[in-house]
Protein chains: 2
Amino acid sequence: MKTTFRDIRDALRARIVARDWPPGALIPSEADLAQEYTCARATVNRAMRELAEEGLIERRRKSGTRVRDVPRRQASFEVPVVRREIEATGARYAYTLISRSVELAPDWLRARLNLDDKTRVLHLICMHFAEGLPYQHEDRWINLTALAQAEQADFSQAGPNEWLLATVPYTDAEISFSAISADQDLARHLGCAPGDALFVAERMTAFQGQSITYVQLVHQRGHQLRMRY
Amino acid sequence: MKTTFRDIRDALRARIVARDWPPGALIPSEADLAQEYTCARATVNRAMRELAEEGLIERRRKSGTRVRDVPRRQASFEVPVVRREIEATGARYAYTLISRSVELAPDWLRARLNLDDKTRVLHLICMHFAEGLPYQHEDRWINLTALAQAEQADFSQAGPNEWLLATVPYTDAEISFSAISADQDLARHLGCAPGDALFVAERMTAFQGQSITYVQLVHQRGHQLRMRY
DNA sequence: CAGTGGTCTAGACCACCCA
DNA sequence: GGGTGGTCTAGACCACTGC
């Protein structure tokens, strides 16, 4: 059995967690570790690069590698696509288009998406259901200047998210999470009481510097976003 | 100027985004690309490994590398430490301990943390302020079986999060986000109206298989968690 | 079986940056 | 200036898996 970079990475991580090298301590150089583990320096490099990505250590040329005083912890999660999210639980997915209209972008939207005056946008409101129960309320705006084809697309059978993914797959996005109180409309669609606290995701996506879409996704009462790290 | 793995990675990404290779398409093999870009295969490998981590492509031995039909998008964010989060905005941070008690773990907590019967826990309630305004309400439980020292620690000046980070820096954690309505107590501490929708983070952390702590962090009204991807 | 990605090696050169 | 990490190369062997 040869020593792999995984072995070395795990061994180093174990020594860090055991405080063999306490927070702030300097770790031996790549060359030294390569000798200790009888492997090439590139192998040690790969191992330590991964630990650096994990946020456990901090590397600098010349000064060497240190155990971070406070480990940098980052959590990540897969950006959900509502249909898959629902089907992954084994539930039946259903979709309804509630309204569709073409409008001039309202001021707040122009400000968020950095749109010109008089930009036309497609405004869609939809609902997503899991096993027949309301799951998510989607309020979406699509920039028709950037994506004129959207005006001809049929959103009566499938949600705009799936159409967008197929049409503009490679976007930059900003996402934010917060809480809002259900108004009359949301309460009716989501089957909760007005005033109930609801979990909201908002997303803006851009492609090649142009804003494509803004969406507000309001989840059913009690919804949680979970992840490990 | 030599060709670096970054150059190759960016060039390949550009070709994918330009649909030079459309979703689902097979990308040339590492060996072919190495020839095309006049570099070593290891360099192409590094470039493509990063694209795979980004979720743009999917690699399999023998069958080769494909552009993902739907790119796997994952967002990541740095797990916030409230004091830093506040100080990063330039605001003054303040902390108050509201209550401290040692109790037997209630049933719901025993279930969540998988604790034995009659486990003693330290229960802390604290507030974090930004520029004098309520920012976050912290309701924390620490497993005294796993971390007996916590009983002697002084939480009147600094929050338990910082103490825990210094004491047990390398933990596994599960985090979840949701929305709740403010009850009387939360409303009073956070300076909002009862019933207001508030953004909540909950976190459970473990070390070496033992549950260390559970915390509920309720944020000021209107708080958002933002990230790009 | 054979083609593809996954990894290791030994050596090399370079960029950075602390002393 | 010199030590450290960052990266590239050329070659090699292996693991996986579709044919």
Side-chain angles (χ1 to χ4, degrees), chain A residues 1-16 20-72 74, chain B residues 1-16 20-72 74:
Chain A
M1 183 62 196
K2 196 177 279 184
T3 58
T4 80
F5 78 91
R6 280 163 216 280
D7 297 334
I8 297 177
R9 180 197 59 194
D10 294 347
L12 296 178
R13 194 196 289 110
R15 290 169 77 170
I16 291 171
D20 194 345
W21 297 307
L26 201 59
I27 288 180
S29 75
E30 292 188 351
D32 290 351
L33 288 170
Q35 214 166 24
E36 177 179 342
Y37 288 103
T38 327
C39 68
R41 184 166 77 91
T43 307
V44 175
N45 180 278
R46 174 85 191 266
M48 297 188 79
R49 181 157 27 95
E50 298 217 341
L51 292 177
E53 278 169 16
E54 281 179 32
L56 227 54
I57 62 180
E58 201 168 12
R59 320 197 68 194
R60 266 218 287 267
R61 283 157 155 140
K62 165 69 181 172
S63 48
T65 300
R66 291 187 175 283
V67 179
R68 284 188 114 96
D69 17 353
V70 171
R72 177 177 54 85
Q74 47 187 12
Chain B
M1 183 63 193
K2 196 178 280 184
T3 57
T4 81
F5 77 92
R6 279 163 217 281
D7 296 334
I8 297 179
R9 178 196 61 194
D10 295 346
L12 296 178
R13 193 196 290 110
R15 290 170 77 169
I16 292 172
D20 195 345
W21 297 309
L26 200 60
I27 288 181
S29 74
E30 293 188 351
D32 291 352
L33 288 170
Q35 214 166 22
E36 178 180 341
Y37 288 103
T38 327
C39 68
R41 184 167 77 90
T43 307
V44 175
N45 179 278
R46 173 84 190 268
M48 299 189 79
R49 183 159 21 99
E50 298 216 342
L51 292 176
E53 278 168 16
E54 281 179 33
L56 227 54
I57 61 179
E58 202 167 14
R59 320 197 68 195
R60 269 219 288 267
R61 283 156 154 139
K62 165 71 181 174
S63 50
T65 300
R66 290 188 175 281
V67 180
R68 286 188 113 96
D69 17 353
V70 171
R72 177 177 54 86
Q74 48 188 12

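Below, read A as the first sequence line, B as the second, and so on, with proteins coming before strands; counting in each chain starts at 1.
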Chemist: Taking side-chain contact (heavy atoms from CB on, under 4.5 Å) as the definition, give me every residue that meets it alongside D32(B), ordered by chain and number, with sequence neighbours left out.
Modeler: P28(B), S29(B)
Chemist: According to side-chain contact (heavy atoms from CB on, under 4.5 Å), who are the partners of S63(B), at least two apart in sequence or on a separate chain?
Modeler: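 Per chain and number, S63(B) pairs via side-chain contact (heavy atoms from CB on, under 4.5 Å) with R60(B).
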Chemist: Which ones in residues 49-58 of chain A lie close to DNA chain C, meaning a heavy atom under 4.0 Å from one of its atoms?
Modeler: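 By residue number: none to list.
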Chemist: Please determine whether a side-chain nitrogen or oxygen atom of N45(B) lies at a distance below 4.0 Å from atom OP1 or OP2 of dG6(C).
Modeler: yes
Chemist: Minimum heavy-atom separation for T3(A) to T38(A), with atom names?
Modeler: OG1-O, 4.3 Å
Chemist: Heavy atoms within less than 4.0 Å of DNA chain C: which residues of residues 60-70 of chain B have one? Give them sorted by number.
Modeler: R60(B), R61(B), K62(B), G64(B), T65(B)
Chemist: Does anything in residues 26-40 of chain B reach DNA chain C, meaning a heavy atom under 4.0 Å, and if so which residues?
Modeler: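 S29(B), E30(B) - these, ordered by number, are the residues of the stretch whose heavy atoms sit under 4.0 Å from the strand.
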Chemist: Ignoring the backbone of R41(B), work out which of dG5(D), dT7(D), dT7(C) is nearest its side chain.
Modeler: dT7(C)
Chemist: Just grab all the salt bridge (Lys or Arg N to Asp or Glu O under 4.0 Å) pairs involving residues 35-44 of chain A, residues at least two apart or on different chains.
Modeler: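 Sorted pair list: R15(A)-E36(A), E30(A)-R41(A).
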Chemist: Rounded to whole angstroms, how far apart are CE on M48(A) and P on dT4(D)?
Modeler: 12 Å
Chemist: Test of understanding: with side-chain contact (heavy atoms from CB on, under 4.5 Å), list the residues that count as partners of A11(B), not counting sequence neighbours.
Modeler: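 Counting only residues at least two positions away or on another chain, A11(B) forms a side-chain contact (heavy atoms from CB on, under 4.5 Å) with Y37(B).
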Chemist: Please list, chain by chain and in numerical order, all residues satisfying side chain to side chain donor-acceptor pair (under 3.5 Å) with R72(B), sequence neighbours excluded.
Modeler: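 R72(B) satisfies side chain to side chain donor-acceptor pair (under 3.5 Å) with Q74(B) only.
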Chemist: So, is R59(A) close to the dT4(D) phosphate, meaning a side-chain N or O under 4.0 Å from OP1 or OP2?
Modeler: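 Checking R59(A) against dT4(D): no side-chain N or O falls below 4.0 Å of OP1 or OP2.
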Chemist: Quick one: list whatever passes side chain to side chain donor-acceptor pair (under 3.5 Å) with Q35(A), sequence neighbours left out.
Modeler: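 For Q35(A), no residue satisfies side chain to side chain donor-acceptor pair (under 3.5 Å) once neighbours in sequence are set aside.
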Chemist: Which atom pairs, donor and acceptor, lie under 3.5 Å between side-chain atoms of residues 46-58 of chain A and protein residues at least two apart or in another chain?
Modeler:
{"unit_1": "E50(A)", "atom_1": "OE1", "unit_2": "R9(A)", "atom_2": "NH1", "d": "2.7"}
{"unit_1": "E54(A)", "atom_1": "OE1", "unit_2": "R13(A)", "atom_2": "NE", "d": "3.1"}
{"unit_1": "E54(A)", "atom_1": "OE2", "unit_2": "R13(A)", "atom_2": "NH2", "d": "2.6"}

